[in-house]
Structures are given as C-alpha cells and as structure tokens.
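Predicted model only: the values in this text are computed from it and were never measured.
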Amino acid sequence: MTVTNMILDVRNIKKVYTTRFGGHQVQALSNVTFSVEQGEFIAIMGESGSGKTTLLNILAALDKPTSGEVFLDGNALTGISEKEISAFRRNNLGFVFQDFNLLDNFTVKDNILLPLVLSGKTYDEMVPILKPVLNKLGIEDITEKYPYEISGGQKQRTAIARAIITNPKLLLADEPTGALDSKATNSLLKLFRKINEDGQTILMVTHSIKAASHASRVLFLRDGAIFHQIYRGESTNEELYQKISDTLTILATGGIFNA
Amino acid sequence: MRNSMYFKLAASNIRKNGKTYIPYLIMSITTIMMFYIMVFLVYNPGLSGMRGERHIKTVLSLGCYITGAFSAVLLFYTNSFLFKKRKKEIGLYNILGMEKKHIAKMLTIENMYSYLVTIVLGLFFGILFSRLMLLILLNILKAGTGFVFNISIEGLCITFVFFTIVSALILLNNIRQVHLTKPVELLKGSSLGEKEPKTRWLLAIIGVLSTGAGYYIALSVENPLAALNIFFLAVILVIIGTYCLFTAGSIALLKLLRKNKKYYYKTNHFTAISGMIYRMKRNAVGLANICILSAMVLVTVSSTVCLYVGMHDALNNRFPTDIEIITHNADKEQSVSISNAVNKIVSESGYEISKYSEFRYLSHSMLYEEEKDTFSICFDINKNSDNMYYVYFFPVEDYNKKTGTDILLEDKEVLIYNRNNVDFTGNLNIQSIEFIVKGNVKDPGFPMSVDGFNKVYLFFKDEQVIIDINKQFEEYFGAYSSLTHTIAFDVMGDKAEQLKLTDRIKVTFERLEENISINTISKAEEEYVFYAIYGGLFFLGLFLGVLFMMATVLIIYYKQISEGYEDKQRFHIMQQVGMTKAEVRQSIRSQVLTVFFLPLIMAIIHIVFAFRMITKILGVLYLTNVPLFINCTVITVAAFTLFYMAAYSLTAHSYYKIVE
C-alpha cells in the first residue's frame, strides 16, 4: 500500500448510555475501530439500532464516547475543550442531514453563507467562495428563494453547499437520500461522487443499498461493532450493489463473516 | 362512543395541556373574581346614602363595563392561543375516527369542566376578597366605618350570566373552527408554513405618520379644553400608529438593515436580523397589544394616583373660600337683598367669618387676536387655542376695595390683570367697542378658581360700562349672558359647622321664588364629591392597573411558550452548523429581550409625549401641581418596569426549559 494521508482514525470507540433514572444501561457501540483516508467516500450501513447515529454523533463531536479515541487529521476530538469544539466543527467538518436542517428564516444563499458568517468572514471575502460552490451544485438560480419554496432535492443541494463551503476535511452525511424521491436521489448521489472526485472526503451513514453502492468503501455495523467491509475496487455501481445486497442478506440471516 | 369516555377524554386533555391550560384557568378565575367585586361594589348598600354616592357609583359602573369588556377580550385571546396549540391533537382524534360532532362534544365537556372550576373558584375568591376591596375603597373615600358587608346576589347573578355567555361564545368559536378546517390542516395546525413577511411600506409609512401626528397634537395643544377634546383623537392616532409600526414598520426597518450587506453579514447581526424578522411577524400584534396595555396602565395609574394625592390642592384651587353663594341674572337691587340676607343668617348663626368678598361681574371665554388688539367671542375652541382666554369684566371699585387703592377710570378706559404676564398697551377692543389701556396691574387676589385656563381680568369705570359691553354678547347668548353676583367667605370652624351654615343658607334661598338662580357651594360639601370622584378614579385606576398588568404577564407567558417551541428546532440546527451553545443562547437571549422590552420602551415613549397633554387635562380638573405629576409618573413607570422585568424573568425560565 502506498503512503496515504489518514484523515480520520477511530480507535476502540465504546459508548454506553445510562437511562435517565439510572440503573438501566444500554450499550450503543461496543468496539468500533476504522480509519478513513484522504479522498475516500465511505458508506456505513446497518439496521436501525445498530449504532449508526451514535457513531455519527461522536464523529461530529456532538457526543463523547465512553471510551476510545477519535483523531481527525491527527487531532484527538476527545481532547478538544468545549469552548473550541464549535469552531473546530465549523472549520473541519461539514454536515448533511436526512431532513436537510435548513433554517426557514434564511434564503438559500444565507443558509449556505451561515458557516462563513459564523467564522467572522466579511461579505467581500464570502462572494468569491460562494460562486464556485453554487456552480458545482447547480443552484445559482434559487439563491434568493426560501427553503419552503424549493424542492427536496434543491434543499439537499443547499445543505451540501452549506456543508462544503468551509472546505471541510470531512463531510459527514446522515441518510442524505432518506427524504428524497428516486430521481432526486440519483442526481444527489452523482453529485456526491463528483464532489468526492474533486477531492472531498465523505463519510455517509445510510441504509439505502443504492446510496451505499456509490461509495468507494462500505462498512457494515452490527450490534455496535464493525462487522464487515467491502472495497469497491474495480467494481461498477451495479456490481457493488450486488455485493452489498449479498452481505446484507447474510447479515440478516445471521451468518458470520470475516473480511 | 360511550358517554363516560367523553368525560374521561376531556379530563385527561385538560391535564395533558396543563402548561398552557393552567394559566388560562387562573386568568379566568381572576377575571371572574374581579368582575364580581366590581359589581358587588356598585350594588353595595354601604355606599348608598353617603355624600357623593352618585359620583362614586358612576365611576364604579364605568369600571364594571371596562372590566367586563376587557375580560371577554382577554379570554378570547388566550383561548385562541390554547386552541392553536391543540389543533394537531384534535386533528389526530379526527383521523383516528372521531367525527367532528364527537370532537365538538368532547370540547363542550372540556369547556364545561373548566367553566365550572373557574366560576366556582372565581366567585369564591370574589366573595372572599370583596370585603377587603370594600374596606380599601371606603378607606380611600375616607367614608368612615359604616360599611355593610354582604354577599351580593346581583353580583353573583350578573357575573354568572356574563361569564356563561362569554364561555359559551368561546366554545362556539372553537367548534366553528373544528368544523371549518380539514383534518389534514388540523394535523398541520400549529406548525403551518412560515412564509417570510412582505414589506408593507404603505402601512409602515402610515404608522410613522399616524404616531407622529398623535405626538404632534399632544405636544402642540395649548388650550386645556381643546386638550380634552382632541386627547382621544391623539390616542387613537397613536394606537393606529403603534399597530402599524409594530406590524409593518419593524419589518420594513429590519429588511432595510438586511439590504446593507456589510452590516448584515456579521456574526451577531446575521442571526439577529433574520430571526427578528420572523419574530416580529408572529408577535407584532401581541407586542402592540402589550405596548398599548402598558401605556394604559401607566397613564391610568400615574394620573389617578396624582389626582388622589393632589386632591387637596385641587380642592383649594377649585374653591378658594369655604362658602360661595353665586347668583346669575340678578340686578343690583336683588344682589343687595341677597347680600343682606346672607349677612343676616351669618350674624344670627353666630359663626365667625373671614375673607368676606362680594363681586358683580361678567365672564366669557374669548379669543384674543394680538394684531387687532381684540377680544372676541369665538365658538371654534380648536382655533388658536393658545389665545383663548377666560375674560372677567369687573368695575374698578372691586379692585380698589380689595387692594386699598383709589383708581378712577374714564368711560373708555380699561385696567388689565392677566395671569400670563402679557403686557397690554395702546388700545383694546371688546368685540367692536374700543377702549384705551390705562395700565397693567398685579393679581388683586380675588377668590377665583385656579385651573389650567388663561385668565384675564378687565376693570372698567363702573357697572354701566360692563352692561353696555354685555349688550354685544346678548346678541350671541341672549339672557344667558348676564352679570354674576358672587359672595365668598371663610368660616371659622370645622367641616360640620361649615355644612350646618351652608344648609341654613340653602334653606333660606329655597324659599325665594324669583327669576334668579342662587347656588350655594361649600368646600366641605364638595370635598365629599371630590373624594367620591377622585378616590373612585384612584381605586379604579389601581384595580384596572392590576387587571391590565395580569393580562400583560399572561400575554408575555404565552408568547414565551410559543416562541420556545418554535426556537427549539433552530437552536438545534445552529449548533450543528457550528455555533457554540453559549453563542446560540446569547443570540436567542438578545432577540427575546428585544422583543419583550420593545413594547415597554415604546409605551414609555408614548407616556413622555403624552405628558404635556395629560398635565393640561389635569389642569381642567384643578390639579396644577406639575412636579407632583412628574413624581407620580416617574414612580409609576419605575414600578411598572420592575414588575415587567419580574414577569419577564419568571416566564423566561419556562422558555429556556422548553428550548434546552
């Protein structure tokens, strides 16, 4: 293997939730270890309750693991103080959510500019950054519209634009196609490929096989641990789709794998 | 569906919606209580038979109407809020298979439950506190101890009927809403799409103009009578202006700020401005309501407190002497016989009197035109109100008698005293008769009422000159324009003795049956009327002040809660995008603070502009002590601000609990 630039390194993550009134404990993640290299497009698959969302929250620094460590570009997330965490998140991570999470009181343009405004950039600095992003996502025409005036696909493009405008080291996506119809899903996935080919590292959590089949690597999560992974290698989307589908069948029927 | 099911559902609905329902119930109980107390006071036999009874009852009845109307509006308002929050729940029932008539039945039972609880508790507390309120009222009126405490049957009946009607109307309105909307809409109900408000420039401009016009009127008015008349015009203009400014003006201003890119794209301005645009859209009317309510509380409380505290000033201003006997339309001989009769009664009764004075004079409200040196009758009180004067025509001997001078005037000469210290020179015309100004003199100290009007005394050679002048006035007024004969004096002795003497004089003149009217006024007697009116107003001011303040708190509470549910989602997204918790909290806090203190600030500005006008109106009520009014206003504003802040921080607590 050639020397690559490791962007994300997850080591022995464990997360235990204690129910509100104490006593009862739920283990969401038992032991998760994996790493992501610069320029990869990773899909994490798993059924409901497999710990996907918990894992994503920990990667997003929205939640802290019970034990284990996460390194983003060499910095330990667990070591960042509460004060710096927001700025860190703003500068290094981009988010795309299933329900878009756009703010209704901002236009498309202002939603996209939000992270830049929060970083204290001036308007003159923002304009040259904004242009190419709008271009890339094909939403130049709707910049003055409000989220409630545009389609689901356009909303998700806006959300992606907001996520990548800060040029983050890692783009985290949580079921990005979950609220879209099949046409919008297709074009969104193509867009993800394109952004990825431009060098953006993407980590996507999904349980759509179709979405996962666009990734360069697919990780399978079961009962709070990485259970299996598939590299795309030279496969086409269809071939990868088949592989994922087979794996999921085995997962569902309770087979034991070792990659 | 089984009937018992409805009752169970209704009860559990009320319990589940406790956070919004309980304040509504408390508000209902309180309004019922206050309304009962007001009706109870109007019908209380303890107030019957006291001097000034008629006046106090007028004031209290007015209070009844205001309390009733205000309660109804407030209950409708809070109910609409409650109902909006519950639309989703009701939509769910509908989709789960309850027909609209079933829902109507459930709502009716809910309404019955809450109505029963509120009317029983409301009347209970009403009866409990009515005794206290009666004591407070009697104490304010200085009406002694002869009070009768009972449970007012009229009060119970009127309150019961009134609130049953209000409650039924509210229920009907809710049922109507259920029937009019489709289940899907009900489901969406409380989270209907948030469109960006349009800029309504016309309304914004109307807001600015209307408020400005109201302020201008309030500042420019000079004549207190005109002030009374156009006060309501100014109030209505400012109310319209306030609504327009809050609904359209605020949004126009915010959008202008947003257009300025350099200003808008800054960390704290960015979220604040766009957040405020939405907040103002949702809250504008509520905030305008709070603003106007606050202004009303401030004006009512400060002026009634001032009137009550300054009552003795006002009484002395209005009645410079203990007893006045005023006769209209009497000729000189009749005046002499009246004067003799009065002196006889006084000497027979054995009371010692002082400061005795007696005048025959003419008085009219007239317009002074400086360029023409003319006083003339003017029927348009709004015209040149600065130059409206109360003009008194005296023979010069009255001046001589009072000041111990010995001035003689010719037929065409006039001597002038005026309270505004304007020096008159050259000629002076009364209508079309020309006089030569002999000179300006100091206040001779006649026992005349002190009020907010411009006053001028004109002294002439003798009564014949004045009668000649009056011939011109008779063209306008006929026999109404006649000389007034006034006897005024102080009595050594307490109020009871003054009253006794007054009654004796009154009895004597009752027997005189001639073509003249004799009016005997004693300060002691009028004091009861003053207490009845000013004390009643004071009581009413405090009572309504409390009611208005409670309404303000309730509106603030509901605003906070509804804001809370809506902000929760935004709060979450902002954090994901990279705002720290502290930043988000700071941003929301500053927006919420702006939203809630804007009405208060606006209300205080209203008060500042209204101040001059209110001072003029108080002048009409013989209250000329401006520093006292300033103090009352400042203290009231300070107290209200404290109260407002307390209400805010209490409700802010429940807001942050929802958001976090």
Identify which part of A/L116 has an atom lying under 4.5 Å from any heavy atom of chain B, answering side chain, backbone, both or neither.
neither
Test item: B/T78 side-chain N/O and B/Y24 main-chain N/O as donor-acceptor pair under 3.5 Å:
no
Please report the interatomic distance OH(B/Y265) to CD1(B/I273), rounded to the nearest 0.5 Å.
10.5 Å
Between the side chains of B/K262 and A/D124, is the shortest nitrogen-to-carboxylate-oxygen separation below 4.0 Å, so that they form an ion pair?
yes
Atom group of A/N91 that falls short of 4.5 Å from chain B, counting heavy atoms
neither
Ring centroids only, cut at 6.0 angstrom: are B/F597 and B/Y648 within range, meaning strictly under it?
yes
Heavy-atom contact with chain A under 4.5 Å, split by part of B/K266
backbone
Quick one: what part of A/F88 sits under 4.5 Å from any heavy atom of chain B, side chain, backbone, both or neither?
neither
Is A/D198 salt-bridged to A/K136, cutoff N-O under 4.0 Å?
yes
So which residue, A/L113, A/L102, A/N101, A/L93, ends up with the most heavy-atom pairs under 4.5 Å with chain B?
A/N101
Using a 4.5 angstrom heavy-atom cutoff, name the option from A/F97, A/F95, A/F106 with the most pairs to chain B.
A/F106
